[in-house]
Colleague: 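Mind looking over this structure? Questions follow.
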Amino acid sequence: MLDIRSIRQEPDKYKAGLSRKGVDPSKVDELLQIDADWRSALTEVERLKSVRNTASENIGRKKKQGEDASADIKQMKEVSDAIKALDGSVRDLDAKLQDMLLSLPNIAHPSVPDGASEEENVPLRYIGDKPNFSFEPKPHWEIASDLDIVDFERATKVTGTRFVIYKGLGAKLERALAAFMLDYQTEKNGYTEMFPAFIANDTSLIGTGNLPKFGDEMFKLEGLPYYLIPTAEIPLTNYYRDEILEASLLPVKFAGYSSSFRSEAGSAGKDTRGLIRVHQFQKVELVKLVLPENSYDELESLVQDAADILDALELPYRVIEICTGDLGSKETKKYDLEVWLPAAGTYREISSCSNFEDYQARRANLRFRREDGGKPEFVHTLNGSGLAVGRTVAAILENGQQEDGSVRIPKALVPYMGTEVIERRKA
RNA sequence: GGAGUGAUGGCCGAGUAGGUCGAAGGCGCUCGCCUGCUAAGCGAGUAUACGGGCAAAACCCGUAUCGAGGGUUCGAAUCCCUCUCACUCCGCCA
């Protein structure tokens with residue numbers, strides 16, 4: 001959520017910022033008009049309340065002394081009615097203002113490149129060597145089916161399309177990757193391991209910015225204000241919601257493992273096969289709550305924390321900077337890590353690392369205090385995948401595949417897998 | 001799921017025949033005094049949000065906040081309704 005007071009002071013800055021995000025700048029004028037109406041109504045109702053408060057004190061005093069106060073009471077009844085009416089419009093205007101503020105996107109950091117769509121994202125660096133195959137590399141779903149380690153068909157029977165069931169060493173690979181990622185981020189990068197609930201309430205989803213605008217991307221529990229979390233970002237960022245943290249606690253660094261549920265409305269036809277786009281996948285999510293002045297440095301280190309996993313797993317990838325046109329609604333700046341998938345010959349997103357500045361903190365009322373007696377300030381929040389497990393499985397299968405159909409396990413993962421190779425199952 | 005009890009400031013804890021209560025008292029914390037050091041003692045201070053005074057800071061004024069929301073009333077921490085949460089007992093379960 002944007003700061004209404006800043007918008008009042010520098011409307012032009014916000015108009016420019018919002019139009020970079022594709023919002024009609026006249027929204028700002030509309031917003032300021034409602035804000036002005038709200039404030040004038042508020043000033044008036046507060047004036048009336050002040051009148052009422054002093055009058056009520058007088059009435060109390062008179063009654064205590066046995067004097068007649070019925071005239072005052074009669075007069076105050078009118079004031080009270082006026083207050084009631086005006087209070088209603090103050091509330092309506094405020095609700096309207098909040099709704100508008102909640103649905104406005106964050107504005108991009110000046111360093112973010114302009115661009116209309118993902119076509120204009122900027123690749124920053126390419127890391128690792130792509131494997132050279134002396135044979136035609138197979139897509140991961142074929143490898144997985146041949147090895148009998150992921151069952152796509154039966155998952156569709158048991159649940160529905162775009163669900164998967166891992167089996168045997170596939171299931172173990174999922175577990176091994178999650179354990180490896182959590183161990184790495186907690187032991188090497190200083191994160192605190194978290195295991196959240198996979199269901200969050202609507203207030204939390206408003207806090208992170210998924211509601212009110214993106215409700216149709218999530219699975220909602222019928223008849224309840226609960227949603228299956230689309231990412232562990234929701235519970236982790238909301239963990240300290242409505243609290244004032246001591247500055248010494250910052251930066252807070254959480255590494256949370258969870259399933260992520262995406263209804264992916266409107267994505268029909270894209271990535272219909274394999275592990276890339278499914279309704280439920282597992283992910284280790286990194287969340288940071290930091291001092292405002294540090295958040296861009298923290299974003300850089302967050303990207304590296306996520307990239308560490310790809311480095312350790314010897315997977316080739318690139319880092320790209322997201323342009324304004326592809327930047328999500330909540331983010332001020334974002335980098336994606338894209339892993340190489342040889343069968344398709346493309347890079348695919350495997351981690352997305354973003355700074356939200358105080359956009360989420362303001363919604364979630366997530367603050368800190370620099371010193372005793374200091375004013376509470378909003379923290380800056382960041383998050384990034386470290387990494388998405390399903391896509392990592394896909395990358396390991398495709399990059400590690402061998403001519404005989406077996407798959408080589410990255411060295412770092414061998415202790416977790418207990419084997420260096422996933423062999424074709426003996427028929 | 002059934003029955004009961006409760007929810008007050010950073011913490012503990014007063015406060016219900018509605019009236020000057022943002023809220024006694026204590027603890028903690030901050031500053032000052034005192035003091036070989038520490039402790040004790042003495043004095044002062046110590047919530048948040050929003051609006052206004054101003055373009056800002058300090059400061060001042062106003063409004064709101066005693067779990068949340070609504071209601072009664074000139075006036076609600078105190079009365080009524082709904083909800084949420086916590087605890088205890090019973091039931092059930094991993």
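So you know, we letter chains A, B, ... as the sequences are listed, proteins then strands, and number each from 1.
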Colleague: Check whether any side-chain nitrogen or oxygen of Arg52(A) sits under 4.0 Å from OP1 or OP2 of rU73(B), and answer yes or no.
Modeller: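 Indeed not, no polar side-chain atom of Arg52(A) lies that close.
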Colleague: Rounding to the closest angstrom, what is the interatomic distance between rU46(B) and rA24(B) at atom P?
Modeller: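 It comes out at 12 Å once rounded to the nearest Å.
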Colleague: Is there a donor-acceptor contact under 3.5 Å linking the side chains of Thr231(A) and Lys283(A)?
Modeller: yes
Colleague: What's Ile59(A) touching, base or sugar-phosphate or nothing? Going by heavy atoms closer than 4.0 Å.
Modeller: base
Colleague: Please tell me if Lys84(A) has a side-chain N or O lying less than 4.0 Å from either OP1 or OP2 of rU72(B).
Modeller: yes
Colleague: Would you indicate whether the side-chain heavy atoms of Leu101(A) and Ile7(A) approach each other to under 4.5 Å?
Modeller: yes
Colleague: Is there a donor and acceptor pair closer than 3.5 Å between the side chain of Glu57(A) and the base of rG19(B)?
Modeller: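 Donor-acceptor pair under 3.5 Å: no.
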Colleague: Specify the separation, in whole Å, of atom NZ of Lys49(A) and atom P of rU65(B).
Modeller: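 Atom-to-atom, Lys49(A) to rU65(B), this comes out as 7 Å.
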Colleague: Would you find a donor on one side and an acceptor on the other, under 3.5 Å apart, between the side chain of Arg367(A) and the backbone of Leu245(A)?
Modeller: no
Colleague: Please check this pair: side chain of Arg262(A) against backbone of Pro230(A), looking for a donor-acceptor N/O pair closer than 3.5 Å.
Modeller: yes
Colleague: Think Arg61(A) has a side-chain N or O under 4.0 angstrom from the OP1 or OP2 of rG19(B)?
Modeller: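 Answer is no, no contact under 4.0 Å.
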Colleague: State whether Arg367(A) places a side-chain N or O below 4.0 Å from either non-bridging phosphate oxygen (OP1 or OP2) of rA49(B).
Modeller: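 Arg367(A) to rA49(B) OP1/OP2: side-chain N or O found under 4.0 Å.
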Colleague: Between Asn53(A) and rU63(B), is there a side-chain N or O to OP1/OP2 distance below 4.0 Å?
Modeller: yes
Colleague: Which part of the nucleic acid, if any, lies within contact of Gln9(A), taking any heavy atom under 4.0 Å across all strands shown: a base, the sugar-phosphate backbone alone, or nothing?
Modeller: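 Sugar-phosphate contact only - Gln9(A) comes under 4.0 Å of backbone atoms but never of a base.
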Colleague: Given atom CG of Asp242(A) and atom C1' of rU48(B), what is their separation to the nearest angstrom?
Modeller: 12 Å
Colleague: Expressed in angstrom and rounded to an integer, what is the separation of Leu42(A) atom CG from rG53(B) atom P?
Modeller: 13 Å
Colleague: Please state whether the phosphate of rG52(B), meaning OP1 or OP2, lies under 4.0 angstrom from any side-chain nitrogen or oxygen of Arg47(A).
Modeller: no
Colleague: Could you work out the separation of rG22(B) and rA14(B) based on their C1' atoms and round it to a whole Å?
Modeller: 15 Å
Colleague: Quick one: is rG70(B) close enough that its OP1 or OP2 comes under 4.0 Å of any side-chain N or O from Arg91(A)?
Modeller: yes
Colleague: Check whether any side-chain N or O of Lys63(A) sits under 4.0 Å from OP1 or OP2 of rG19(B), and answer yes or no.
Modeller: no
Colleague: What stem regions, each of at least 3 consecutive Watson-Crick or G-U pairs below 3.5 Å, can be found for RNA chain B?
Modeller: B:1-7 with B:84-90, B:10-12 with B:25-27, B:28-33 with B:41-46, B:47-53 with B:59-65, B:67-71 with B:79-83
Colleague: Could you give the CD-to-C1' distance, from Gln98(A) to rA49(B), as a whole number of Å?
Modeller: 12 Å
Colleague: Check whether Asp24(A) reaches the backbone of Ser26(A) with its side chain - one donor and one acceptor, N or O, closer than 3.5 Å.
Modeller: yes
Colleague: Short question: side chain of Gln401(A), backbone of Glu398(A) - any donor-acceptor pair under 3.5 Å?
Modeller: yes
Colleague: With a 6.0 Å cut-off on the ring centroids, do Phe219(A) and His279(A) count as close?
Modeller: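 Yes, the ring centres sit under 6.0 Å apart.
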Colleague: Return no unless some side-chain N or O of Ser80(A) is found under 4.0 Å from OP1 or OP2 of rC74(B).
Modeller: no
Colleague: Please confirm whether Lys253(A) makes a cation-pi placement over Tyr191(A), using NZ or CZ under 6.0 Å from the six-membered ring centre and within 45° of the ring normal.
Modeller: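 The answer is yes, since Lys253(A) meets both limits relative to Tyr191(A).
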